[in-house]
Q: 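One structure, as structure tokens, below. Some questions next.
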Amino acid sequence: MKNISIILLLTIMVFTGCNSGKSNAKAHSSLTIKGSDTMVHLASNWAESYMNSYKDADISVTGGGSGTGIAALLNGTTDICIASRKIKDKEVKQAEKQGLDINEIIVSRDGIAVVINPENPVSELTLEQIGKIYTGATTNWNQVGGSDAPIVLLSRESSSGTYVFFQKRVMNKKDYSQEAMLMPSTSAIVQSVSQDQWAIGYVGLGYAVEAADRVKPIQILNKAGLSPVNASVKTVKNGSYPIARPLHFYTNGDPVGLEKQFIEFCLSDAGQTIVFETGYVPVN
Amino acid sequence: MLKDKVIQYVLWGSAATSILIVALIFIFLGKEAFSFISEPGIEKLFSSRWVPVSFTLEQFGLYPLITGSFLVTILATIIMIPFGVTGALYISEFASNTEREFLKPFIEILAGIPSVVIGFFGLLVLSPIVKSLFGLNTGLTAITGALLLALMAIPTVISISEDAIQSVPSSYKEASLALGASPLQTSFRVVVPAALPGIIAAIMLGMGRVVGETMVVLMVTGNTAKLTLSPFDSVRTMTATIAAEMGEVAFGSSHYAALFWVGIVLMLITFGLNVLAQQLLKKYQMR
């Protein structure tokens, strides 16, 4: 009797063991995607469209920030990590320690739009001016050719990939101003900018396009003499818009099964059309 | 006989579980926070800048977070005391039975609203009102958070104060009324002072709820980590910091350990408030 129960137990363990990880995803046709809040919108549009054509596939998408997604990939709680920043060396090392083989795929490009309230008369700034606003060197709109009003500074939380990208690209790696308000989500930034006349914030191009009636994207002056550049799919694609970055998928090892089919779908013409429709920039 | 003993031990064990869990949480917090003492050094916590993500110098000063939590809690307490105490007084001393049957369930419903819903309400409805009312540049301030937190803590204050007020012996009231005092005079000069320890305990338990609340403050206080005591500035509380940063932080880094220190400070504060409230409650129950 005792022997039988032990055998039973072992069998169960073997079966559950086999079912964990990737084979699980294949058997149940389910896929989890987690990470960047910037990409959640895009990823769920892909997933929806994919599930429309393949009824038995079950794809779930959650946000939380790029760092959260990478942590989930390292913990094995997600199949695909969506990340708006490149994986850090530290994270790659940790993955190696855990025996994971991190695979990177660039699935689209994104511009970061700097947005202000539509009632603010300012319409163009240089990258340097924006950097100074965010480091706290500039605190009043009249220092950048606007009205005499204090700047209300909005940023994403430090867990956001956009936070770090913006710090690197626009602020020359300097610290954010002590006055910066850290908002828990992109939609909270859009909400605040649309309510507060003197606020400035940054959001992914997709969100800026969608909220075009509530917030105004600033045009970037690259160098003296050049005309200001609007944040748009066209300007990100041709490289004239300076605050742009690639968006990534990270997987453990080469994708197989549903994971592979889904990624192929995302990179296909149909998938890249969705990228465009969502307000991001196709890779090709 | 043996059966009695066994049952007694089982009951003792289940009663002791919660104590054990509290102890384990303290040990866990301490263990994760410990590495900060040697690297980068405990004195780094005693500074006025919280800059956990930086290319130049990471800073982990707890002062702005502590003052943020302190400011929001004190403001919320100031707002909740008049509403909570007079509300409890009305329900237990003046309300008719029908009124009471109507009021009490609604107060309980208020206690049951999920904090994220209250936060959402605050972000969309209250913050624009606060902004225009005080002529501010943004509605995401300490006072916005405090108003919402007071709203959440009022049910706690009302129901515990009400118990305290009802346990005041009716002979006190009768004596006061017999001496010619009006019902209002009796309530404020006899009943409230007699129930005061219980009311204070109710307020402290309400404060405990306010200090530990996370979602609302994360959504409406603006999360600016700066040292300020102005209600119209935006602040970053300890709870919001942990909630916002724990997801991203690299396991075992200084930032990670610093967040556990934030947790320890937070837990000590709520622990202290609860012990104090219990002490006061015990005192008034002995009367």
Side-chain angles (χ1 to χ4, degrees), chain A residues 34-35 37 63-72 74-75 85 88 90-91 93-94 97-98 117 136 141 149-161 163-164 167-168 171-185 187-189 191-199, chain B residues 48-59 61 64 116 119-120 122-132 136-141 214-228 233-236 240-253 255-256 259:
Chain A
K34 191 174 168 73
D37 281 327
S66 301
T68 314
I70 290 171
L74 297 185
N75 297 335
R85 61 162 168 85
K88 292 175 192 161
K90 237 194 282 180
E91 288 158 343
K93 260 177 217 146
Q94 206 191 329
K97 219 190 288 170
Q98 288 172 343
N117 191 283
W141 283 109
I151 298 173
V152 176
L153 206 52
L154 301 171
S155 158
R156 285 294 314 282
E157 276 291 349
S158 58
S159 60
S160 157
Y163 176 98
V164 179
Q167 196 172 17
K168 256 192 216 163
M171 299 162 63
N172 287 326
K173 301 193 176 183
K174 287 191 192 120
D175 284 344
Y176 278 84
S177 158
Q178 226 178 330
E179 303 286 325
M181 307 213 287
L182 306 188
M183 309 302 284
S185 65
S187 54
I189 291 189
Q191 179 65 29
S192 298
V193 171
S194 68
Q195 276 175 3
D196 304 339
Q197 195 184 349
W198 306 115
Chain B
S48 61
R49 297 272 334 245
W50 175 265
V51 189
V53 175
S54 168
F55 289 96
T56 43
L57 176 67
E58 294 177 346
Q59 292 179 75
V116 66
F120 199 55
L123 193 62
L124 293 179
V125 181
L126 187 64
S127 84
I129 295 175
V130 168
K131 184 186 156 209
S132 56
L136 307 172
N137 286 309
T138 173
L140 303 175
T141 59
T214 307
M215 203 57 215
V216 167
V217 288
L218 182 64
M219 289 170 85
V220 305
T221 59
N223 300 320
T224 303
K226 67 173 170 191
L227 216 50
T228 175
D233 270 337
S234 75
V235 294
R236 188 175 184 84
T241 305
I242 297 176
E245 294 172 13
M246 208 36 138
E248 147 78 354
V249 69
F251 184 82
S253 63
H255 184 191
Y256 177 85
L259 285 177

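Since this is a predicted model, take the numbers as computed values, not measurements. Each chain gets a letter, A, B and so on, in the order the sequences are listed, and its residues count up from 1.
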Q: To the nearest 0.5 Å, tell me how far A:Leu74 CG sits from A:Lys97 NZ.
A: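 The distance works out to 10.5 Å.
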Q: Where does B:Ser48 contact chain A at under 4.5 Å (heavy atoms): side chain, backbone, both or neither?
A: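 Contact with chain A involves the backbone of B:Ser48 alone.
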Q: Which bit of A:Ala180 comes within less than 4.5 Å of chain B, counting heavy atoms only: side chain, backbone, both or neither?
A: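 Backbone only.
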Q: Could you grab the distance from atom OG1 of B:Thr214 to atom CD1 of B:Ile242, nearest 0.5 Å is fine?
A: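 The CD1 atom of B:Ile242 is 8.0 Å from OG1 of B:Thr214, to the nearest 0.5 Å.
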Q: Should we count CZ of B:Phe120 as having more than 12 external heavy atoms under 6.0 Å?
A: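 For B:Phe120, atom CZ is not crowded (no more than 12 foreign heavy atoms under 6.0 Å).
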Q: Is it the backbone or the side chain of B:Leu57 that comes under 4.5 Å from a heavy atom of chain A, or both, or neither?
A: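 Backbone only.
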Q: What option among A:Ser185, A:Ser155, A:Pro150, A:Gly69 has the most heavy-atom pairs under 4.5 Å with chain B?
A: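 The answer is A:Pro150.
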Q: Is B:Ser253 in contact with chain A via its backbone, its side chain, both, or neither, using a 4.5 Å heavy-atom distance?
A: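 For B:Ser253, there is no contact with chain A at all, as no heavy atom is under 4.5 Å.
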Q: Examine whether an atom of A:Gln197 lies under 4.5 Å from a heavy atom of chain B, and if so say whether it belongs to the side chain, the backbone or both; otherwise answer neither.
A: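 Answer is backbone: N, CA, C or O of A:Gln197 sit under 4.5 Å from chain B.
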Q: Could you state the interatomic distance from CD1 (A:Ile189) to CG (A:Leu154), rounded to the nearest 0.5 Å?
A: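 CG of A:Leu154 is found 6.0 Å from CD1 of A:Ile189.
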Q: Between A:Asp175 and B:Arg49, is the closest basic N to carboxylate O distance under 4.0 Å?
A: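 No.
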Q: For the interface with chain A, which of B:Thr221, B:Leu218, B:Thr138 has the highest count of heavy-atom pairs at distances below 4.5 Å?
A: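 Greatest number of close heavy-atom pairs with chain A: B:Thr138.
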Q: For B:Lys226, which atoms come within 4.5 Å of any heavy atom of chain A: side chain, backbone, both, or neither?
A: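 Looking at B:Lys226, backbone and side chain both touch chain A.
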Q: Hey, what do you get for OG (B:Ser234) to CG (B:Asn137), rounding to the nearest 0.5 Å?
A: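 Separation between the atoms: 11.5 Å.
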Q: Is A:Gln178 close to chain B through its backbone or its side chain, or both, or neither, when contacts mean heavy atoms under 4.5 Å?
A: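 Its backbone and side chain both get close to chain B.
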Q: Between A:Tyr163 and chain B, with a heavy-atom cut-off of 4.5 Å, which part of the residue counts as in contact: side chain, backbone, both or neither?
A: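 Contact with chain B is through the side chain of A:Tyr163 alone.
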Q: Just do the side-chain hydrogen bond (donor to acceptor under 3.5 Å, both in side chains) check on B:His255 and B:Glu245 with the steps written out, would you?
A: CA-CA 9 Å; B:His255 184 191; B:Glu245 294 172 13; 2.8 Å; yes
